[in-house]
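Have a look at the structure below, then the notes.
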There are 2 protein chains.
Amino acid sequence: MKPETRKEEIIRVAAKLFKEKGYSAVTMRDLAKAMGIKAASLYNHINSKQDILNAIIINLAEEFTAGMKLVQSSGENCIGKLNRIIELHVRISSQNIYGMASLNNDWMHLEEKLDYYQRLRIDYEDDFRAILKQGITSGEIVDVNPEVMMFSILTTLRSLYLWIPKKEELNLEELSNTLNQILIKGINK
Amino acid sequence: MKPETRKEEIIRVAAKLFKEKGYSAVTMRDLAKAMGIKAASLYNHINSKQDILNAIIINLAEEFTAGMKLVQSSGENCIGKLNRIIELHVRISSQNIYGMASLNNDWMHLEEKLDYYQRLRIDYEDDFRAILKQGITSGEIVDVNPEVMMFSILTTLRSLYLWIPKKEELNLEELSNTLNQILIKGINK
DNA sequence: CAAATAAACTAACACTTGTTAGTTTAATCT
DNA sequence: AGATTAAACTAACAAGTGTTAGTTTATTTG
């Protein structure tokens with residue numbers, strides 16, 4: 001593990017502040033104070049406030065996309081793929097508690113990167129939906145509206161960051177298993 | 001139905017803008033432009049930007065609290081109460097698509113009303129948890145970690161506002177039924 | 001018609017915003 | 001030791017912020 005650069009440190013601290021107050025409510029002076037320096041000094045390391053948000057969100061979105069591609073090529077059946085998607089979200093969310101807040105709540109402030117983010121998001125949902133539909137066709141899962149199924153599962157998974165920090169006693173493997181029971185058993189035939 | 005006052009109209013339009021960009025990113029000049037007047041004119045009707053947010057969030061939070069009290073006194077069994085809670089969220093969310101965004105994403109900017117809001121929220125979750133635990137004790141629902149169950153169900157219900165507007169073809173009763181199948185069948189014995 | 005009221009307006013305020021320019025300090029390389 | 005570089009600093013900017021004061025306009029009421 002190479003040590004964190006100053007730029008990475010700024011982005012990490014920014015993500016924490018963005019989670020607490022949202023991107024728009026965090027000023028560069030707030031961020032500087034949290035770093036123990038003056039606002040102008042931040043610009044030795046980053047180009048703009050906007051670039052910090054871009055880095056946080058796009059890195060995460062690409063990580064989810066890469067994870068989905070692995071799931072698709074895993075050769076598992078539908079239920080197995082859904083299990084893997086749950087594990088994917090549990091892992092990324094637990095490693096990026098702060099960044100996930102920006103991904104969920106501040107993506108609309110992306111500006112130049114907005115179109116690219118939305119493309120990744122739509123593709124991810126298309127891939128997810130395809131897995132569900134294939135599972136319905138093959139008779140693996142119950143024939144319920146796949147949009148509602150996807151919404152229910154994805155919303156829960158996308159909000160894990162809100163909840164994981166409150167439950168230190170629960171280990172992540174146990175969390176994956178419990179979510180699997182709750183989210184998947186209800187649609188498994 | 002009495003006609004909407006100018007103040008109510010401002011709050012309604014503000015909620016819409018808050019959903020699109022978040023409370024902090026919406027300026028009083030943005031709101032005025034959306035109303036077709038100048039920013040200063042808003043103050044003939046409202047006391048402050050803060051008061052608009054308070055009105056949006058606290059009204060909704062109290063509506064949820066009142067709904068939960070009705071569910072508690074309904075005399076239904078655990079599964080029946082959970083069904084009613086789903087219907088409660090579907091109803092309130094579909095009637096307050098914009099306000100629900102503020103409730104979920106901008107509650108941290110409440111200031112004076114923050115403690116009161118958090119009290120309502122904690123009480124609501126305590127009531128919800130009590131229903132689940134009682135269901136586990138009575139053998140009505142599966143013995144899975146009730147925290148994870150509650151998180152999964154509540155997160156989905158709290159995010160309905162994101163999704164209802166995209167699915168005009170799905171009527172609300174059908175939505176309640178489908179959610180009931182997905183969220184509850186997985187924990188029903 | 002006169003008076004009262006609701007609701008808009010213009011102008012301005014004190015403060016905060018992201019960012020730039022230029023400079024100083026301390027550590028690292030040759 | 002001298003040169004380079006990383007990373008902080010002070011000072012300032014132009015624009016935007018929520019809000020207030022005082023005024024005008026149009027509608028409603030007595």
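Note on naming: letters A, B, ... go to the chains in the order of the sequence lines (proteins, then strands), and numbering restarts at 1 for each one.
- As a whole-Å value, the separation of Lys38(B) NZ from dA11(C) P is 10 Å.
- Residue pairs meeting the side-chain hydrogen bond (donor to acceptor under 3.5 Å, both in side chains) criterion with at least one partner in residues 29-48 of chain B, sequence neighbours excluded, are Lys21(B)-Asp30(B), Thr27(B)-Asp30(B), Asn47(B)-Asp51(B).
- Five base pairs at each end of the helix from dC1(C)-dG30(D) to dT30(C)-dA1(D) define two local axes, and these are offset by 10° (rounded to 10°).
- The nearest whole Å value for the distance from the CD1 atom in Ile37(B) to the P atom in dG18(D) is 14 Å.
- Computed from coordinates, the Leu42(A) CG to dA6(D) P distance equals 18 Å when rounded to whole Å.
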Are Lys7(B) and Ile46(B) close enough, and set up right, to give a side chain to side chain contact (heavy atoms under 4.5 Å, CB included), and what steps lead you there?
CA-CA 7 Å; Lys7(B) 177 176 182 176; Ile46(B) 52 99; 4.1 Å; yes
Distances under 3.5 Å between nitrogen or oxygen atoms of protein and nucleotides 15-21 of chain C:
from, atom 1, to, atom 2, distance (Å)
dG18(C), OP1, Val26(A), O, 3.4
dG18(C), OP1, Lys49(A), NZ, 3.1
dG18(C), OP2, Met28(A), N, 2.8
dG18(C), N7, Arg29(A), NH1, 2.9
dG18(C), O6, Arg29(A), NH2, 2.9
dT19(C), OP2, Tyr43(A), OH, 2.5
dT19(C), OP2, Lys49(A), N, 2.9
dT19(C), O5', Tyr43(A), OH, 3.2

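- Ion pairing of Arg158(A) with Glu125(A) is present here, as a side-chain N (NZ or NE/NH1/NH2) and a carboxylate O approach within less than 4.0 Å.
- Listed by chain and number, the residues in a salt bridge (charged side-chain N to carboxylate O under 4.0 Å, His left out) with Asp126(A) are Arg129(A) (sequence neighbours excluded).
- Residues satisfying the ring pair (Phe, Tyr, Trp, His ring centres under 6.0 Å) criterion with His109(A), sequence neighbours excluded, are Tyr23(A).
- Taking 4.0 Å as the cut-off between side-chain N and carboxylate O, Asp123(B) and Arg119(B) count as a salt-bridged pair.
- Contact annotation: His45(A) side-chain N/O to dA6(D) OP1/OP2 distance is not under 4.0 Å.
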List every contact pair, protein side and nucleotides 27-29 of chain C side both N or O, where the distance is under 3.5 Å.
none

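- A donor-acceptor pair shorter than 3.5 Å can be found between the side chains of Thr156(B) and Thr156(A).
- With rounding to whole Å, Ile10(B) atom CD1 is found 13 Å from dT19(D) atom P.
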For residues 84-92 of chain A, run the donor-acceptor check on the side chains, cut-off 3.5 Å, and write out each pair with its distance to 0.1 Å, sequence neighbours left out.
from, atom 1, to, atom 2, distance (Å)
Arg84(A), NE, Glu76(A), OE2, 2.3
Arg84(A), NH2, Glu76(A), OE2, 3.2
His89(A), NE2, Tyr124(A), OH, 2.8

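- Atoms SG and NZ, on Cys78(A) and Lys133(A) in that order, are 13.0 Å from each other to the nearest 0.5 Å.
- In terms of phosphate contacts, Ser41(B) brings a side-chain nitrogen or oxygen within less than 4.0 Å of OP1 or OP2 of dC9(C).
- Rounded to an integer number of Å, the gap from CD of Glu8(A) to P of dA6(D) is 16 Å.
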Starting from the C-alpha separation in whole Å, work towards a yes-or-no answer on side chain to side chain contact (heavy atoms under 4.5 Å, CB included) for Lys16(A) and Lys19(A).
CA-CA 5 Å; Lys16(A) 185 168 186 174; Lys19(A) 186 196 173 207; 5.9 Å; no
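- To the nearest 0.5 Å, atoms CZ (Arg12(B)) and OG1 (Thr5(B)) are separated by 10.5 Å.
- Summarising the geometry, atom CD1 belonging to Ile131(A) is positioned 12.5 Å from atom CD1 belonging to Ile136(A); distances are rounded to the nearest 0.5 Å.
- The line from CE of Met150(B) to OG1 of Thr155(B) is 9.0 Å long, rounded to the nearest 0.5 Å.
- Counting only residues at least two apart or on different chains, the ring-ring contact (aromatic ring centres under 6.0 Å, His included) pairs with a member in residues 133-152 of chain A are Phe151(A)-Trp163(B).
- Under the side chain to side chain contact (heavy atoms under 4.5 Å, CB included) criterion, Glu112(A) pairs with Gln50(A), Asn54(A), not counting sequence neighbours.
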Please produce a list of atom pairs where a protein N or O lies less than 3.5 Å from an N or O of nucleotides 22-28 of chain D.
none

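- At a non-hydrogen distance threshold of 4.0 Å, nothing from residues 13-21 of chain B comes into contact with DNA chain C.
- With sequence neighbours left out, the side chain to side chain contact (heavy atoms under 4.5 Å, CB included) criterion links Tyr117(A) to Ile57(A), Ile58(A), Ala61(A), Leu103(A), Trp107(A), Leu110(A), Arg121(A).
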